[in-house]
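Please read the structure below before turning to the comments.
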Amino acid sequence: MTLDLWLKAHSYLRPLADLSAQVDRAAAGIDVPEARIPDWEDYREDFFAGVPLLSSTAAVDLEPGGRMAEALLERLASGTSSGRLAAETRALDTELRRVPQVSRRIADFLLGDETLRPPFPGLLRYLAWTATARFLRPVVKAFDGWRDEERWRRRYCPTCGSLPAMAQLVGTDPGRLRLLSCGCCGTRWQFRRIGCPFCERADAHHLSAIVIEGEKYLRIDYCQSCRAYLKTYNGEGSEPLYLADWTSLHLDIIARDRGLKRLATSLYEL
Ligand SMILES: [Zn+2]
Ligand SMILES: [Zn+2]
């Protein structure tokens, strides 16, 4: 599936596609500082204890990601375009220029520090994660190679600690796996095939799936116990498209109409 075909079939996603393309284009023009790969032996104990990599003292410093976020914001704010994105990035850029050590503060903000109170927090989170995910890419890759999936299997991202934005089913039975996908840093990790990743009920009979007409590869899994749902990509090969979260916004609307709760971390609450 290509993005063009997807947008032909889901024309209501165009505004989001345009926004995402504009931000990605601006981000692609920013130099990516080299990230230090952690010494995995220093992190091992924290990993076993369930501490996400970026919250560990052995971790990578995210400050260069904060610097990239600053540069991205500046780029988006400096254009002459009008419209909501331009207006909001300008307001955000102006406000953040007044903050001392802003790159550090942005990095802390991404990891849950609530002392930075920007005017458009959802927009800052989206832009800053877009930039920081680029900085972190080699670290996420190295971490994938080192991590023993059997020893994690937690409901939150092993790299940044966010709740999964989506799930993916891969492989064929009996070895079929459920991966959870982080919408922030881009990590994918293994989780139990059965069970709710939000309230962590492990039994199967509390789980249901909503099949969406016309969507061969996407469905909504939800938990009858806590009413949380998780969008699931039931396929392989088109991960960047199907796991982008915004590309399946219509599923969020269907879930909401059925009274289900989104507990997944979202970068698209702009
Ligand atoms: Zn993550
Ligand atoms: Zn649940």
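Remember, it's 1-based here, ligands and their atoms both numbered in the order they're listed. Residue numbers run from 1 in the order of the sequence given. Only this structure's heavy atoms are used, side chains among them; waters, hydrogens and symmetry mates stay out.
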Problem - Quiz item: cation-pi between Arg155 and Phe191, 6.0 Å / 45° - result: no

Fill in the blank from the handout: Count of protein N, O or S atoms below 2.8 Å from the Zn ion (ligand 1) equals 4

Handout entry: Over all atoms of both residues, closest heavy-atom pair of Pro38 and Val139
Key = CD-CG1, 4.1 Å

Practice task
Locate the shortest heavy-atom distance separating Ile220 from Leu251; write the atom from each residue and the value.
Solution key: CD1-O, 3.4 Å

Would you be so kind as to tabulate the donor-acceptor pairs closer than 3.5 Å made by side chains of residues 53-67, with sequence neighbours excluded?
| unit_1 | atom_1 | unit_2 | atom_2 | d |
| --- | --- | --- | --- | --- |
| Ser56 | OG | Asp46 | OD2 | 2.9 |
| Ser56 | OG | Ala58 | N | 3.0 |
| Asp61 | OD1 | Glu63 | N | 3.1 |
| Asp61 | OD1 | Arg104 | NH1 | 2.9 |
| Asp61 | OD2 | Arg104 | NH2 | 3.2 |
| Glu63 | OE1 | Arg67 | NE | 3.4 |
| Glu63 | OE1 | Arg67 | NH2 | 3.1 |
| Glu63 | OE2 | Arg67 | NE | 3.3 |
| Glu63 | OE2 | Ser103 | OG | 2.6 |

Problem - Three-point angle Cys196:SG, the Zn ion (ligand 2), Cys226:SG, rounded to the nearest 10° - result: 110°

Practice task
For the residue pair Phe47 and Trp152, categorise the inter-ring angle as parallel (less than 30°), tilted (30 to 60°) or perpendicular (more than 60°).
Solution key: parallel

Practice task
Examine His206 and say whether one of its N/O/S atoms is closer to the Zn ion (ligand 2) than 2.8 Å.
Solution key: no

Problem - Carboxylate-amine/guanidinium contact Arg188 Asp144, below 4.0 Å - result: no

Problem - Whether Lys231 side chain and Asp245 backbone form a donor-acceptor pair below 3.5 Å - result: yes

Problem - Angle at the Zn ion (ligand 2) (to 10°), with one arm to SG of Cys199 and the other to SG of Cys223 - result: 110°

